[in-house]
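Order of the sequence lines sets the chain letters (A, B, ...), proteins ahead of strands, with each chain counted from 1.
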Number of protein chains: 2
Amino acid sequence: MPKSERARAQRDVARQDARIDLGELESHLGYFVRRLQHWIFRDVNAALAPIELDVILYSILETIAANPGATQIAVAGALGIERARMVALLDDLQQAGLIVRERSEQDRRAHALGLTPRGRMILKKANVAVAAHEKRVARRLGADNYRRALTALSQFETD
Amino acid sequence: MPKSERARAQRDVARQDARIDLGELESHLGYFVRRLQHWIFRDVNAALAPIELDVILYSILETIAANPGATQIAVAGALGIERARMVALLDDLQQAGLIVRERSEQDRRAHALGLTPRGRMILKKANVAVAAHEKRVARRLGADNYRRALTALSQFETD
DNA sequence: TATTGTTATACTCTATAACTATA
DNA sequence: TATAGTTATAGAGTATAACAATA
């Protein structure tokens, strides 16, 4: 099934029945965070689909670009991805010709990650698509709410 | 490897991890939403574990409490759960003696959902645990940011 | 002994199709 | 024909454990 169809199916399921009341859930931040996260996930993945990326692969590319030579564990740790899962994700990116894995000279157990020229080109396109997505989020949330949300949430410290 | 060298190596690794820069991700709401959602999910599930619930089962109980007699499809639609998955979730709740499924009199294909006395008792306990979780979120985010986030995100309209 | 990358496995979540009983 | 609930299955995502090479 094409991604657009899958996205529509998800929308249909997510659509709320107007008669249903959510009780206490309406006062819990977690409920609204989950709802927004769901919408954002769908929208950003749709935006990245034409260049054959999803938001996880994009996040990995962007992190490698900002930290050339970083190891798989460092990137995985920064993004909250299991190192076991990172292997297959990097395999995808490598097979697509977007990244290189080179043996680290300081520590021959580790791989130093880097972008290929093609990787840099695709990342540039991805950042254009993601910027457009970000504007859609801001428009749908309202400029004031968008600014409020970004300010508030960016100050949250995880463990 | 001597101890002093090992200590230095560990420091170097730690410093490298701390040095990881997330690039453009730091200006994207989606990144912070995902990060917060992940923390909230873990914390609320830990809070509900002692009464053998998770946040999905709790959300279903709360929605049934607010809409007695609602059908499986109505509750599933309101919470963004596939109706196929809802079956197993309701099986769990029914087996735990928290809900009842009764044939609807208006439409004999449908189940009218309701809480048992035990379901109401457990939901009461769950709401105490979730309220404590909500306070942890507010404290960690800061009172002002918590209010800002709740205001901003609750105004987001999904499709 | 510990760590990096890797493979393997199991479990959950999501999406879809197909079936049954009703409408 | 269509819908509510159900079953079955396939594909992701997540969490572990174990192993080889290296520290």
Side-chain angles (χ1 to χ4, degrees), chain A residues 1-15 17 34 37-38 41-42 45 49 54-57 59-60 69-94 99-113, chain B residues 1-14 16-17 34 37-38 41-42 45 49 54-57 59-60 69-94 99-113:
Chain A
M1 184 192 243
K3 274 190 181 165
S4 59
E5 257 183 72
R6 207 158 53 223
R8 179 156 41 73
Q10 280 184 319
R11 235 184 353 262
D12 288 346
V13 166
R15 189 181 54 206
D17 188 324
R34 179 172 176 271
Q37 211 269 329
H38 196 247
F41 187 77
R42 264 194 299 112
N45 279 335
D54 63 26
V55 70
I56 298 172
L57 296 176
S59 299
I60 295 171
T71 65
Q72 297 188 185
I73 289 231
V75 173
L79 294 174
I81 303 169
E82 285 292 327
R83 77 182 200 274
R85 196 187 157 213
M86 183 60 102
V87 175
L89 293 168
L90 292 176
D91 285 350
D92 284 354
L93 291 172
Q94 194 170 25
I99 64 155
V100 288
R101 285 194 258 212
E102 286 170 359
R103 282 279 157 202
S104 166
E105 291 172 7
Q106 293 90 346
D107 182 343
R108 293 183 50 73
R109 290 171 305 183
H111 286 160
L113 300 174
Chain B
M1 185 192 255
K3 272 188 184 170
S4 59
E5 251 184 81
R6 198 159 60 226
R8 178 159 48 73
Q10 281 180 324
R11 257 201 319 278
D12 287 348
V13 165
Q16 195 182 356
D17 281 345
R34 179 173 176 271
Q37 211 268 328
H38 196 249
F41 187 77
R42 264 192 301 109
N45 279 336
D54 62 25
V55 71
I56 299 171
L57 296 177
S59 299
I60 294 171
T71 65
Q72 296 189 187
I73 290 227
V75 173
L79 295 175
I81 303 170
E82 286 290 330
R83 77 183 199 274
R85 197 187 157 214
M86 183 60 101
V87 175
L89 294 168
L90 291 177
D91 285 350
D92 285 354
L93 291 172
Q94 194 170 24
I99 64 154
V100 289
R101 286 194 257 212
E102 286 171 358
R103 282 281 158 201
S104 164
E105 291 173 8
Q106 293 89 344
D107 182 341
R108 294 184 49 73
R109 292 171 303 182
H111 287 160
L113 300 174

Visitor: The side chain of B/V87 lies closest to which of these nucleotides: D/dT6, C/dG5, C/dC13?
Guide: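 Given the options D/dT6, C/dG5, C/dC13, the side chain of B/V87 is closest to D/dT6.
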Visitor: Could you check whether any side-chain N or O of B/R101 sits under 3.5 Å from a backbone N or O of B/A112, counting only pairs where one atom can act as donor and the other as acceptor?
Guide: no
Visitor: Categorize A/R85 for me: base, sugar-phosphate, or nothing, with a 4.0 angstrom heavy-atom threshold over every strand shown.
Guide: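 Base, at least one base heavy atom under 4.0 Å.
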Visitor: To the nearest angstrom, how far is A/E82 atom CD from C/dA10 atom C1'?
Guide: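 It works out to 14 Å between those atoms.
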Visitor: Whole angstrom is fine here: how far is it from CG in A/L113 over to P in C/dT6?
Guide: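 Nearest whole value for this atom pair: 9 Å.
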Visitor: Indicate, with a heavy-atom threshold strictly under 4.0 Å, whether A/R83 touches base, sugar-phosphate, or nothing.
Guide: base
Visitor: Find which nucleotide of DNA chain C each of A/D91 and A/R34 is nearest to by heavy atoms, and output the residue with the more 5' nucleotide.
Guide: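 Comparing both residues, the 5'-ward one is A/D91.
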Visitor: Any donor-acceptor pair under 3.5 Å joining the side chain of B/R109 to the base of D/dT3?
Guide: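 A donor-acceptor contact between them is present.
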Visitor: Would you call B/I99 and B/H111 a side-chain contact if the rule is heavy atoms closer than 4.5 Å?
Guide: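 In short, these two side chains do not touch, never coming nearer than 4.5 Å.
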Visitor: So what does A/Q72 touch, heavy atoms closer than 4.0 Å: a base, only the sugar-phosphate, or nothing?
Guide: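 Contact class for A/Q72: sugar-phosphate only.
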Visitor: Could you tell me the separation between the CD atom of B/Q37 and the C1' atom of D/dT14, rounded to a whole number of Å?
Guide: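 B/Q37 atom CD is separated from D/dT14 atom C1' by 14 Å.
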Visitor: Heavy-atom count check: over 12 atoms from other residues, nucleotides or ligands less than 6.0 Å from A/R108 CZ?
Guide: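 Check fails, neighbour count at 12 or below.
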Visitor: Distance check needed: D/dT6 P versus B/L90 CG, whole Å only.
Guide: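 The answer, rounded to whole Å, is 8 Å.
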Visitor: What are the two closest heavy atoms between B/V75 and B/M86, and how far apart are they?
Guide: CG1-CE, 3.6 Å
Visitor: Measure from CG on A/L57 to P on D/dA12 and round the result to the nearest Å.
Guide: 12 Å
Visitor: Quick one: B/I60 CD1 to D/dG5 P, roughly how many Å, whole number?
Guide: 13 Å
Visitor: Taking B/R83 for the side chain and B/I73 for the main chain, is one N or O donor matched with an acceptor at less than 3.5 Å?
Guide: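 Side chain of B/R83 to backbone of B/I73: no pair is present.
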Visitor: Between C1' on D/dA23 and CZ on A/R103, what's the gap in Å once rounded to a whole number?
Guide: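 So the CZ-C1' distance, A/R103 to D/dA23, works out to 13 Å.
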Visitor: Heavy atoms from C-beta onward define the side chain here; which of D/dG5, D/dA15, D/dA23 lies closest to that of A/D107?
Guide: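 Of all the options, the side chain of A/D107 is nearest to D/dA23.
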Visitor: Give the nucleotide from the list C/dT7, C/dT16, C/dT22 with an atom nearest to the side chain of B/A84.
Guide: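 The closest nucleotide is C/dT16.
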Visitor: Out of D/dG5, C/dC13, D/dT16, which has the shortest distance to the side chain of B/I56?
Guide: C/dC13
Visitor: In this structure, how many angstroms lie between the C1' atom of D/dA15 and the CZ atom of B/F41, rounded?
Guide: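 So the two atoms are 13 Å apart, to the nearest Å.
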Visitor: With DNA chain D as reference, determine whether A/R108 or B/A70 sits nearer its 5' end, using the nearest nucleotide of each.
Guide: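 Comparing both residues, the 5'-ward one is B/A70.
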